[in-house]
Participant: 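Would you mind keeping the following structure in view while I ask a few things?
Computed over heavy atoms, backbone and side chain alike; hydrogens, waters and symmetry mates excluded. To find a chain, count down the sequence lines: A is the first, B the second, and so on, and within it residues start at 1. These numbers were taken from a predicted model, which means no experiment stands behind them.
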Protein chains: 2
Amino acid sequence: MSSSIRVAICGAGPSGLSQLHAFESARQKGCEIPEIVCYEKQSDLGGQWNYTWRTGLDEYNEHVHSSMYFNLWTNLPKECAEYVDYTYDKHFGQSVPSYLPRNMFYDYIRGYAQQNNVCQYIQFNKNIQWINYLEEKNKFNIVIKDLKNDKIYSEEFDYVIIATGHYSTPFIPYLNGIETFPGRLLHSHDYRFAEDSQNKNVLIVGNGVSGEDIALELYKYGTKFIRISYRTKAKELKWPDEIKEVPSITKIDKNIVYFKDESSDRFDAIIYCTGYVHHFPYLDDNLRLKSSNSIYLPNLYKTIFWLDQPRLIYIGMQRVTFALNIANIQSWYARDFILGNIKLPATKQEMELDIKQWKIKEKNIKNIYDAFHFQKDYLIDLLNSTDYPNFNVEQMMEILFDCIKARNENILTYRDKIYTSPITNTIAKQHHTTWIKEFSQSLEDFIQK
Amino acid sequence: MSSSIRVAICGAGPSGLSQLHAFESARQKGCEIPEIVCYEKQSDLGGQWNYTWRTGLDEYNEHVHSSMYFNLWTNLPKECAEYVDYTYDKHFGQSVPSYLPRNMFYDYIRGYAQQNNVCQYIQFNKNIQWINYLEEKNKFNIVIKDLKNDKIYSEEFDYVIIATGHYSTPFIPYLNGIETFPGRLLHSHDYRFAEDSQNKNVLIVGNGVSGEDIALELYKYGTKFIRISYRTKAKELKWPDEIKEVPSITKIDKNIVYFKDESSDRFDAIIYCTGYVHHFPYLDDNLRLKSSNSIYLPNLYKTIFWLDQPRLIYIGMQRVTFALNIANIQSWYARDFILGNIKLPATKQEMELDIKQWKIKEKNIKNIYDAFHFQKDYLIDLLNSTDYPNFNVEQMMEILFDCIKARNENILTYRDKIYTSPITNTIAKQHHTTWIKEFSQSLEDFIQK
């Protein structure tokens, strides 16, 4: 292929790093690759995992990307998110527990980036301001802001890869009377520490993943009164006494919150755990994915290629559980398309038909187990078309099943379970301390003998 | 003038409303005016005064504009911010106190907009995404996002008026160890209610206007331990015992904050009152004002016209005290330029020379009184060139002097003083309740007989 081809990657989080790895891996095998530029608005890699104490706007007045809280732990076993060619064994030099503190997972992602020599392609502190398509030139025009030097400039590219994530822009619905609430009010995106809530009555709005996890963290750090308001139905997990699920909110009157079952309570803090929206403020209308959080996205062939212009590529945009592996395999697939090794269907109609078939399958999903199966099928479909190393996807899925079971049995201890890696067959190490009593995020405490 | 001339006004806060009023006032006098479109990203007018319970991002994922807190009161007498042709007497139908609750000042601004029939020009829920200059067409290209319909489109204009304010984008400096602080951490931009802090030790960073005002509000609502950390020197106002000024922060270690005088204290919350930055993410580099908060801005002739392209106009961008009147008079001046009634100097050099002369004057400002005099001179300079109704600027300045004096004498009672309007000669009404005991924002309580 011509070396004058230029590819822009937007974002150096797990998805962007995967795409860089895909190209670098081809280059190391002797392939000629296009010119690659990865723009990252933050000053370091890791995307969502690049924790910051800041909330709202960052030091360059850009939206703070990360929604991580300081003491977050992974809520799925690491054995369901392991890079085939950069294993946890390789990174830590020993077997480690199945569940990781945030900082250790971040450490792993940093190790992955270093190992694969991808930092050479990343330009930090560069914010994508605007992308449009120049019909007359057959190229994408990207307006970039050099944040450090406060300068704006444009560049043209043949391919653009959108890898800016979808857990950064909070969805904050209006609640009847919320404007009268004088306590602490925040979205999980801005939640950083549990300590501020120790002596408070805390209401969590939404019983999804964030709601469940923040409720548990508050409990772990000593909050005595936690209510989770669900919209449709209770999770009915075995919560400790301090946590109770309550129905949806009917009214808020200053500190008093009323619920659909006519109960009410006084709250000091309300944490919206109401999820995130896909938001691409830098994309022109004809390029912009508009979607809710779902496992098969509209208008994207293989949930990767923009139907109307397949040289626009989205990585990691669907709701996933095998996050790292799916981003890897999508990136391999996208790379092989760019390198000319994979041909997309000749017509838009064929691609639409393919999407339609997956969408029918998606509709038949009845529960979380069906969803895992769906993703496994999706993964295997892509895997077979690239040189990404094969691995036991079935076994990975079985681990997920067990994890859900353990969580339903005991929400407080499921993170103490260990699993066997489908990649290395290594059995995870039993951590020296149970999750409920472990307050450290440090490497020393994590790999302590 | 040709009616095909198009003028875009960005923002429908006090500055944008002033500009609309200037045009509408000319139209009502029989002038032919250009086509005017005012884009406002919020769903209502008032800009900074359009209070919202939201923080961070708004319902359309745009940066929340307003930095207002619920129980804010004006900190200057209304007699220093009175529209000449829409007085407080006219709005309230009676004499009212000199200091106003936020909501009453907002009410006044809404009344002003209605009275002047300017809402016809405003398109709400339209965010300006990008403005650049098309040399070949001699026009400005504006990319607009219709937030409600999630659509992006472009329009071309002959003149662009930037009226988006400069108290919306927070400046949040790094403090040594701030990342370890597990308490509540926020910038005054995100501060809404004092009630959350009642039993807390609160540290305020910065002793500027926001710092002083939020400290007082916390005290008023029952916070017992408030420290204000200054950077250069203490204000030495007569604080109540609960408030103390402390020097700059040397280190933060979890909840403990250390100061330059080697004292330290435990804090539950830190509020950054460190001010705001001029931020125009939607402006191309060659159009973008880069400035700190100052009373005479660089590269703007009369602090209004962009030197390199005077058809780009900034309103209300300098640090001002007679805010409403200065925005009015700037708008009148800008309008008269657009209508061809005022000619700017023929060369850039002449405009630069004028800026230089004002900048020399600005350098001689030694204290707040000099600053008031400077602004008075600036105001009179503009006033003489337009048909804006004359008023007693000297008298307005004298009121400011007295207000500063009263504040220095007693920080807790200065808002109970009353003044005589230079516009109407009405003596303000003594409020039935002192500021320290008045917790209402309602019209009923405000105009109660």
Participant: Salt-bridge test for B/R110 and B/D107: reply yes if a basic N is under 4.0 Å from a carboxylate O, no otherwise.
Facilitator: no
Participant: Determine which residues belonging to residues 186-197 of chain A lie within contact range of chain B, meaning some heavy atom pair is under 4.5 Å apart, and list them by number or answer 'none'.
Facilitator: A/F193, A/E195, A/D196
Participant: Does A/K220 count as lying over the ring of A/F439, i.e. NZ or CZ under 6.0 Å from the six-ring centre, within 45 degrees of the axis?
Facilitator: yes
Participant: For residues A/N71 and A/Y221, report the shortest heavy-atom separation together with the two atoms involved.
Facilitator: CG-OH, 3.0 Å
Participant: Between A/Y272 and chain B, which part of the residue has a heavy atom less than 4.5 Å away: side chain, backbone, both or neither?
Facilitator: side chain
Participant: Can you name the nearest heavy-atom pair linking A/V160 to A/I142, along with the distance?
Facilitator: CG2-CD1, 3.9 Å
Participant: Please give me the minimum heavy-atom distance between A/N61 and B/P170, naming the atom from each residue.
Facilitator: OD1-O, 3.9 Å
Participant: Relative to each other, are the rings of A/H278 and A/F280 parallel, tilted or perpendicular (30° and 60° limits)?
Facilitator: tilted
Participant: Check whether the ring centres of A/Y219 and A/F225 lie less than 6.0 Å apart, and answer yes or no.
Facilitator: no
Participant: Contact part of A/V277 toward chain B, heavy-atom cut-off under 4.5 Å: side chain, backbone, both or neither?
Facilitator: side chain
Participant: Could B/R227 and B/F267 be counted as a cation-pi pair, given that NZ or CZ must be under 6.0 Å from the ring centre and within 45° of the axis?
Facilitator: no
Participant: Taking heavy atoms only and a threshold strictly under 4.5 Å, list by residue number the residues of residues 44-58 of chain A that touch chain B; give 'none' if the list is empty.
Facilitator: A/W53, A/R54, A/L57
Participant: Which heavy atom of B/T274 sits nearest a heavy atom of B/I172, and at what distance?
Facilitator: OG1-CA, 4.3 Å
Participant: For chain B, which of A/D284, A/N199, A/T169, A/D150 has the most heavy-atom pairs under 4.5 Å?
Facilitator: A/D150
Participant: Using every non-hydrogen atom in the two residues, find where B/L287 and B/Y314 come nearest and quote the distance to one decimal.
Facilitator: O-OH, 2.6 Å
Participant: Mind listing the closest non-hydrogen atom pair of B/Y258 and B/D253 along with its distance?
Facilitator: CE1-CB, 4.2 Å
Participant: Quick one: what part of A/K254 sits under 4.5 Å from any heavy atom of chain B, side chain, backbone, both or neither?
Facilitator: neither
Participant: If I measure from the heavy atoms of chain B, does A/E179 come under 4.5 Å with its side chain, its backbone, both, or neither?
Facilitator: both
Participant: Between A/Y39 and A/K126, is there a cation-pi geometry (under 6.0 Å to ring centre, at most 45° from the normal)?
Facilitator: no
Participant: Using a cut-off of under 4.5 Å on heavy-atom pairs, state which of B/K145, B/Q129, B/K290, B/E59 scores highest against chain A.
Facilitator: B/K290
Participant: Run A/L134 and A/N132 through side chain to side chain contact (heavy atoms under 4.5 Å, CB included) and show every step you take.
Facilitator: CA-CA 7 Å; A/L134 309 171; A/N132 62 332; 4.2 Å; yes
Participant: Pick from B/F181, B/F70, B/Y153, B/Y282: which one has the most heavy-atom pairs with chain A under 4.5 Å?
Facilitator: B/F181
Participant: Could you check whether B/R266 pairs with B/D268 (Lys NZ or Arg NE/NH1/NH2 to Asp/Glu carboxylate O, under 4.0 Å)?
Facilitator: yes
Participant: Which atoms of B/N286 are under 4.5 Å from chain A, going by heavy atoms: the side chain, the backbone, both sets, or neither?
Facilitator: neither
Participant: Out of B/E62, B/R288, B/K200, B/H63, return the one with the most heavy atom pairs under 4.5 angstrom to chain A.
Facilitator: B/R288
Participant: Non-hydrogen atoms of chain B under 4.5 Å away: do they reach the side chain of A/Q198, the backbone, both or neither?
Facilitator: neither
